[in-house]
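The next block holds one structure in the form of structure tokens; read it before the comments.
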There are 2 protein chains.
Amino acid sequence: MRRGLEFKKKARIIIVDDNYEHLSGIKELIEIESDFDVVATATSASVAISLIKKYRPEIVLMDINMPEKDGLTAIAEIEKLDLGVRTIALTGYDDPDLIFRAMKIGAKGYILKTMASAQLIYAIDEVANGKIYLPAALSSRFFEYFQKSFKEEVQAVSDEDNLLNYLTQREEEVLDLLTQGITYKGVAQKLFISETTVKTHVNNIFQKLQVNDRTQAVLYALNNGFLNRRKVKIAI
Amino acid sequence: MRRGLEFKKKARIIIVDDNYEHLSGIKELIEIESDFDVVATATSASVAISLIKKYRPEIVLMDINMPEKDGLTAIAEIEKLDLGVRTIALTGYDDPDLIFRAMKIGAKGYILKTMASAQLIYAIDEVANGKIYLPAALSSRFFEYFQKSFKEEVQAVSDEDNLLNYLTQREEEVLDLLTQGITYKGVAQKLFISETTVKTHVNNIFQKLQVNDRTQAVLYALNNGFLNRRKVKIAI
DNA sequence: CTGTTTCTAAACCATATGGTCTAGATTGCC
DNA sequence: GGCAATCTAGACCATATGGTTTAGAAACAG
């Protein structure tokens, strides 16, 4: 284990939960069952941000379900501060969308309140040691969601009747340059051909892609995975 | 456990590895230490695809590092077939990029060859039961990579000196229509203003975005999170 | 009230772009 | 050899696009 006694430093923690009873419950739990140091607590996200700036803790336990400013936004803000603070999301729901969003904005862990206290301690320990911790059950949910959102995109992109497949090599080169916002003249120079030849290619491209102008051609190309067919989009 | 004896069905498995010794090693391991049914094996991805179509297994163990057609491409193809086959990636490397790409294209698990045999069996079991399984260590790596790629995009997108921020509301509306490949005339009709007004707006947009034509403006907009600033790109 | 910003719109002009047709050279295939 | 596809390139024309300037109306801030 890399966290041998010689390296062990009591991780300093701030807990945020709008429910005061939960808050003190978690605080006590941590103080009794671990050797972490709860330096502060907060019942609102805005207060929490100030406390974080002041105390610079290693770990923040953040309840996601809070009125006013919600936990996700708070996590995003904390990440933006870039203080090296590692945040663990704490919530009652294993909603895949919540998990996905939390991990996306930079949460280093995600724990359900219903989980055993030992698991909470373990999670804090892992995250304090630089790892990212997501319990297997939540991890599984995350990936289902993750893959689903990709699948929809990929299908749209790698279709057989992608009109881009009908382009000749030269036409692809021309389109490639068009997607960089280069004029016909520029394309002609880059490819060492005359401008009229470029125009011929472009017209053929338009017909093959069934569009009327360069902007539409570029949009078609980008939306159908032309430039680097290995790129896709994901909704946050 | 949901997989009580009454529901247990011997999962049928196909193993793919270009190294024949590894292949038979894994096969034996599974046959001895579990009650899964290895219905076929293959030493190349193309053969594997045929076998999968023929046997319709529940699980495919796919080596990622293969010559000719690599495992990732194979997994993508299998997913495209949409036969309900669940694929587990098997490799020697815990390269985060590999893990990310494998999970993105739809692998339901990712196991290192160096891992204990019990873990392989466990993974197969989990995946056969409809879950997605990624060992904690790999999961951690995945998320680091995942978050890093998001962080870069988010920074690029939500930058203060994003020239898009200088656009007025009307200019944004015009640009929005431009990014849909609509002509000036079309924009004018949609916004109920004259074509010359559109031109004025467009010219202002060009100056603010420091570009010379609509294609470049559209590209700038797309690359800087104009359309739906909550969308980002990730490389597979 | 005055200056600023934004949205509107026109005139004028130059050039880039798009549509269509024709055609030679090259390559590869049957 | 001959056909098909591809890349090349020109002519010709219509229109869309881009650059610049000017200017009125409305909203808003100081």
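Here is the naming used below: chain letters follow the sequence lines, and residue numbers restart at 1 for every chain.
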For the side chain of [X] and the backbone of [Y], is there at least one donor-acceptor N/O pair under 3.5 Å apart?
X      : Y      : result
B/E79  : B/A107 : no
B/Q216 : A/G181 : yes
A/N203 : A/K199 : yes
B/E171 : B/H201 : no
A/R12  : A/Y55  : yes
B/K108 : B/R86  : no

Around B/K190, counting heavy atoms of other residues, nucleotides and ligands shown, do more than 12 lie under 6.0 Å from its NZ?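 Atom NZ in B/K190 is not crowded, with 12 or fewer foreign heavy atoms closer than 6.0 Å.
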Rounded to whole Å, how long is the line connecting atom [atom1] of [X] with atom [atom2] of [N]?
X      : N      : atom1 : atom2 : value
A/E171 : D/dT8  : CD    : P     : 10 Å
B/N204 : D/dT22 : CG    : C1'   : 14 Å
B/F206 : D/dG18 : CZ    : P     : 4 Å
A/Q210 : C/dG19 : CD    : P     : 14 Å
A/L178 : D/dT17 : CG    : P     : 15 Å
A/N212 : D/dA16 : CG    : C1'   : 12 Å
B/Y184 : C/dT8  : OH    : P     : 16 Å
B/E195 : C/dA9  : CD    : C1'   : 12 Å

Give the nucleotide from the list [options] with an atom nearest to the side chain of [X].
X      : options               : value
A/N203 : D/dG18, C/dT20, C/dC7 : C/dT20
A/K199 : C/dT8, C/dG19, C/dC12 : C/dG19
B/T183 : D/dT8, C/dT17, D/dT17 : D/dT17
B/T200 : D/dT8, C/dG18, C/dA9  : C/dA9
B/T168 : C/dT17, C/dC7, D/dT20 : C/dC7

Measure the acute angle between the ring planes of B/Y145 and B/F100, then classify it against the limits of 30° and 60° as parallel, tilted or perpendicular.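 Tilted.
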Parallel, tilted or perpendicular: ring planes of A/F146 versus A/F142, cut at 30 and 60 degrees: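 Geometry flag for A/F142 against A/F146: parallel rings.
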By the 4.0 Å heavy-atom rule, please label [X] as base, sugar-phosphate, or nothing.
X      : answer
B/K185 : sugar-phosphate
B/S194 : sugar-phosphate
A/Q169 : sugar-phosphate

Taking 4.0 Å as the cut-off, does a side-chain nitrogen or oxygen of A/T197 come that near to OP1 or OP2 on D/dT8?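 So the side chain of A/T197 is outside the cut-off, no N or O lying under 4.0 Å from OP1 or OP2 of D/dT8.
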B/H201 side-chain N/O to C/dT8 phosphate OP1/OP2 under 4.0 Å: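 B/H201 to C/dT8 OP1/OP2: side-chain N or O found under 4.0 Å.
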Inter-end axis angle, the helix from C/dC1-D/dG30 to C/dC30-D/dG1, with every axis fitted to five base pairs (rounded, 10 degrees):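 One end's axis against the other's: 40°.
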Is there a residue in residues 186-193 of chain B whose heavy atoms reach under 4.0 Å of DNA chain C, and which residues are they?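 Result for residues 186-193 of chain B: B/I193, sorted by number.
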Which is it for B/L134 and B/I99 under the side chain to side chain contact (heavy atoms under 4.5 Å, CB included) test, yes or no, and what are the steps along the way? CA-CA 9 Å; B/L134 199 62; B/I99 300 173; 4.2 Å; yes
